[in-house]
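Everything below concerns the one structure shown next.
Throughout, protein chains are lettered first and strands after them, A, B, ... in sequence-line order, and every chain is numbered starting at 1.
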Number of protein chains: 2
Amino acid sequence: MQQLTVTSVNVNGLRAAARKGYLPWLAGTTADVVCLQEVRAEEAQLPAEVARPAGWHVTYAPAEAKGRAGVALLTRREPDAVRIGFDCAEFKASGRYLEADLPGLTVASLYLPSGEVGTERQDEKERFMAAFLPYLVDLRGRAAAEGREVLVCGDWNIAHREADLRNWRANRTNSGFLPEERAWLGRVLDPADGGYTDVVRALHPDQEGPYSWWSYRGRAFDNDTGWRIDYQIATPSLAARAVKAHVERAATHAERWSDHAPVTVSYER
Amino acid sequence: MQQLTVTSVNVNGLRAAARKGYLPWLAGTTADVVCLQEVRAEEAQLPAEVARPAGWHVTYAPAEAKGRAGVALLTRREPDAVRIGFDCAEFKASGRYLEADLPGLTVASLYLPSGEVGTERQDEKERFMAAFLPYLVDLRGRAAAEGREVLVCGDWNIAHREADLRNWRANRTNSGFLPEERAWLGRVLDPADGGYTDVVRALHPDQEGPYSWWSYRGRAFDNDTGWRIDYQIATPSLAARAVKAHVERAATHAERWSDHAPVTVSYER
DNA sequence: CATTCAATG
DNA sequence: CATTTAATG
C-alpha cells in the first residue's frame with residue numbers, strides 16, 4: 001500500500017448506528033484505521049458482527065458510566081501497543097481517550113467532553129482541556145524520541161475559527177465556540193506551543209467547513225448548518241504527508257446513522 | 001338505541017397507541033362508553049385529535065407522577081357528574097380511578113396497581129385492594145338508593161381463576177395470580193360480600209379466557225399465552241342485561257397498538 | 001419487550 | 001431531536 005488512510009467518526013451510540021447503516025459503511029471504507037467516538041456501549045452489549053467485524057483488530061475504551069461516551073480504534077493490523085486514558089486520573093475511565101502504536105505512528109481516538117455554559121459540564125470540559133494540552137506536548141516529545149508521528153483523531157467539541165461553523169456570530173457565547181475554547185485549540189495548533197497541525201484545514205485553507213456535525217434539530221443537515229468539530233490533529237511532518245481529506249457527508253445522508261459524518265484523510269507512507 | 005355498549009382497554013401509553021392505530025380503532029367502535037387505562041399522559045401532552053376526538057365527551061384522571069398510570073372515560077353523551085379517585089387519600093391523585101354518572105348508571109374506569117412479589121409495589125397493590133373493596137360496597141349502596149346500576153371497567157391486574165390465564169400453575173406465586181389476590185377478587189364477586197358480577201365470565205362460564213393481555217415478551221400473543229385481567233364488573237341486575245361480550249383481539253393484532261385488547265360488552269337498556 | 005422519563009448531547 | 005438508562009409494566 002502506498003497510502004495510510006485514517007477515518008474518524010462520532011457514531012452517537014454504536015448500537016443505534018448499527019441498526020441504521022454503520023456496518024455497510026464500514027464494509028465499504030478503504031481506511032486502514034477507524035477511530036470511533038460515543039460508542040455508548042460495552043463490547044458485551046454489541047452484536048458480535050458489530051463488536052468484532054471481520055478483518056479488523058478492535059480496541060474499546062468504554063466509560064465507567066453506562067451508556068456514556070466510549071471510544072474505540074479499529075485497525076487492519078494488530079497494534080504494537082494500546083493505552084487507555086491519558087495522564088490524568090479524573091478522565092482515566094471516562095471513555096474519552098485511547099491510543100495505539102502502529103509502525104512509525106501513534107494514533108488516538110479522542111472524545112473531548114461537550115459543555116454547556118454555566119454548568120458543571122463546562123467546568124469538566126475545561127478541566128479536560130487543561131490536562132490534555134500538556135499531555136499532547138508530552139506525547140509529541142515521547143513519540144519523536146521513538147521516531148513516531150502522532151495523529152489524534154476525534155470529536156474535539158470545539159470549532160476553531162469562524163469558517164468552522166455556519167452561524168459563528170450567534171454562537172460566540174455558546175460552548176464549542178467560546179473565546180477560551182478557541183484560544184485553547186489555537187495553542188494546540190501553535191508551532192511554538194502544542195505544535196500540532198489541523199490536517200483538513202491545512203489541505204483546505206480557504207474553505208467554509210467542511211462541517212462534520214449537524215444537529216438533529218430543525219433542518220440543520222439539509223441546510224448544511226453545521227460545525228467542524230471533528231479533527232485529525234497531526235505532528236507537522238505527518239500532516240505534510242496528507243494528500244487527500246474529505247468529510248463523508250453522503251455516508252450519513254440517506255440513512256443518517258449518526259449526527260456526525262466521518263472525517264477521512266489519506267497520508268503518503 | 002336499544003343497547004348500551006361499553007368497551008374498556010389498557011392502552012399502555014396513549015401517545016404510543018395513537019402512533020400505532022388507536023384512532024382508527026376508536027373511529028370504528030360502536031361503543032357508547034370507552035374506558036381507558038394507562039393513558040400515561042396529561043391532556044396537554046396529547047395531539048388534539050387524540051385528546052378530544054370529535055363526537056366524544058372526555059374526562060381525564062391523570063396521575064400526579066408524570067408518565068404513569070392515568071385513566072380516562074369517553075362518553076357519547078355528557079355525563080351528569082364525574083368524580084376522580086375514590087374514598088382513599090393515598091390513591092386520590094394516582095390516576096387509577098374515575099367514575100361518571102350517566103342516566104341510570106355509574107360507570108368507572110379502574111387501573112388497579114400492578115405488583116411484584118416481595119416489593120413495595122406489591123404492598124401498594126394490597127393497600128389499594130384493602131381500600132377499594134369497602135368503597136365498592138359503599139358505591140353499590142349509594143347507587144341503589146339513587147336507582148343506579150354500577151359498572152366498574154378496567155385493568156384489575158388479577159386473574160380470578162385457573163381458566164383466566166394460560167399458565168396458571170407456573171404463576172401461583174406471581175403477582176396477579178396470588179391466592180390472596182384471587183380471594184380478594186372472589187370477595188368482590190361474592191353475592192354475600194361485594195355483590196358484583198364478572199360480566200364476561202357470566203356470559204361465557206365454560207370458556208378458557210378470553211384473555212385480554214399478552215406480554216410483549218417472546219411469542220405470547222401469537223401463542224395466545226395470555227391473562228384475563230381486564231374486567232367489566234357490574235351490579236347483578238345490570239350484568240343480567242348483558243347480551244354480548246367479546247375481547248377484540250383482532251383490534252390489536254395487525255398493528256398491536258397495546259399489549260391489552262379491548263373488552264366490549266353490550267347491555268340491553 | 002414495550003412505554004415512559006431524565007440526563008446527555 | 002436523538003441516544004442512552006431507569007423504573008414501570
Side-chain angles (χ1 to χ4, degrees), chain A residues 10-20 22 37-42 45-46 62-70 94-96 111-117 119-122 124-125 155 157 174-176 213-222 225 227 229 252 255-260, chain B residues 10-20 22 37-42 45-46 62-63 65-70 94-96 111-117 119-122 124-125 155 157 174-176 213-222 225 227 229-230 252 255-260:
Chain A
N10 178 319
V11 295
N12 190 28
L14 187 51
R15 281 171 286 186
R19 285 192 295 268
K20 296 190 284 181
Y22 160 80
Q37 299 89 40
E38 278 207 271
V39 169
R40 301 181 72 173
E42 292 170 38
Q45 297 176 298
L46 296 166
E64 224 160 30
K66 286 181 67 175
R68 303 281 174 77
S94 66
R96 295 190 176 276
Y111 176 44
L112 200 141
S114 72
E116 193 182 344
V117 169
T119 71
E120 156 60 23
R121 291 175 49 235
Q122 185 66 25
E124 183 189 333
K125 182 176 185 177
D155 179 354
N157 265 314
N174 289 140
S175 184
W213 173 77
W214 305 264
S215 171
Y216 276 123
R217 302 180 209 195
R219 306 229 171 286
F221 187 85
D222 296 339
T225 304
W227 296 51
I229 55 180
T252 48
E255 317 126 324
R256 204 84 207 275
W257 51 266
S258 174
D259 49 349
H260 295 249
Chain B
N10 177 320
V11 295
N12 189 27
L14 187 51
R15 282 171 286 185
R19 285 192 297 267
K20 295 190 286 180
Y22 160 79
Q37 300 88 39
E38 276 208 270
V39 169
R40 301 182 70 173
E42 292 170 39
Q45 298 175 297
L46 297 166
K66 286 181 66 176
R68 303 281 173 78
S94 65
R96 295 191 176 275
Y111 176 44
L112 199 139
S114 72
E116 193 182 342
V117 170
T119 71
E120 157 60 22
R121 292 174 49 236
Q122 186 65 26
E124 183 188 333
K125 183 176 186 176
D155 179 355
N157 265 315
N174 289 141
S175 184
W213 173 77
W214 304 264
S215 170
Y216 277 124
R217 302 180 209 193
R219 306 230 170 288
F221 187 84
D222 296 338
T225 304
W227 296 50
I229 56 180
D230 301 279
T252 48
E255 319 126 322
R256 202 90 206 272
W257 51 265
S258 174
D259 48 349
H260 295 248

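At the heavy-atom level, A:Arg219 lies nowhere under 4.0 Å from the strands shown. In this structure, B:Glu38 reaches the sugar-phosphate backbone alone: every heavy-atom distance under 4.0 Å involves primed, P, OP1 or OP2 atoms, never a base. Within 4.0 Å of B:Gln37, counting heavy atoms only, lies no atom of the nucleic acid at all. At the heavy-atom level, B:Gln45 lies under 4.0 Å from the strands shown only through sugar-phosphate atoms. Contacts of B:Lys125 with the nucleic acid, taken as non-hydrogen atoms under 4.0 Å apart, are absent.
A pairwise comparison of heavy atoms in B:Ala41 and B:Gln45 identifies CA-OE1, 3.3 Å as the closest pair.
Note on A:Arg256: every side-chain N or O is 4.0 Å or more away from OP1 and OP2 of D:dT3.
If you check D:dA2, C:dT3, C:dA6 against the side chain of A:Lys20, the one that comes closest is D:dA2. Taking only side-chain atoms of A:Arg121, from C-beta outward, the nucleotide of C:dG9, D:dA2, C:dT4 with the closest atom is C:dG9. Taking the side chain of B:Arg217 as heavy atoms from C-beta on, and the options C:dT4, C:dG9, D:dG9, the nearest nucleotide is D:dG9. The nucleotide whose nearest atom lies closest to any side-chain atom of A:Arg15 is, among D:dT4, C:dT8, C:dT3, D:dT4. Minimum atom distance to the side chain of A:Tyr216 is reached by D:dC1, of the listed C:dC1, C:dT4, D:dC1.
One interatomic measurement links the two molecules: CH2 of B:Trp227 to P of D:dG9, which rounds to 15 Å at whole-angstrom precision. A straight line from CG of A:Asp155 to C1' of C:dT8 spans 13 Å, rounded to a whole angstrom. In this entry the distance linking CD of A:Glu42 with P of D:dT5 reads 9 Å, nearest Å. As a whole-Å value, the separation of A:Trp257 CH2 from D:dC1 P is 22 Å. Here the P atom of nucleotide D:dT8 and the NE2 atom of B:His260 are 17 Å apart, to the nearest Å. Rounded to an integer number of Å, the gap from CG of A:Asn12 to P of C:dT8 is 15 Å. Atom-to-atom, CH2 of B:Trp214 to P of C:dA2 comes out at 16 Å; the value is rounded to the nearest Å. The CG atom of B:Leu112 sits 11 Å away from the P atom of D:dG9 (whole-angstrom rounding).
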Exercise. Go through the steps to decide whether B:Leu14 and B:Arg40 satisfy the test side chain to side chain contact (heavy atoms under 4.5 Å, CB included), and finish with yes or no.
Key: CA-CA 7 Å; B:Leu14 187 51; B:Arg40 301 182 70 173; over 6 Å; no
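There is a side-chain donor-acceptor pair under 3.5 Å between B:Asn10 and B:Glu38. No donor-acceptor contact under 3.5 angstrom links the side chains of B:Ser175 and B:Glu116, judged on distance only.
At least one donor-acceptor pair closer than 3.5 Å links the side chain of B:Tyr216 to the backbone N or O of B:Asp259.
Under 3.5 Å, the side chain of B:Arg40 and the base of D:dG9 form no donor-acceptor pair of N or O atoms. Applying the 3.5 Å distance criterion, the base of D:dT8 shares no donor-acceptor pair with the side chain of B:Arg68.
In this structure D:dT3 sits in a base pair with C:dA7, meeting the Watson-Crick or G-U test at under 3.5 Å.
One finds the CZ atom of B:Arg68 at 12.0 Å from the OG atom of B:Ser94 (value rounded to the nearest 0.5 Å).
Looking at which nucleotide of DNA chain D each of A:Ser215 and A:Ala16 is closest to, the 5′-most match is held by A:Ser215.
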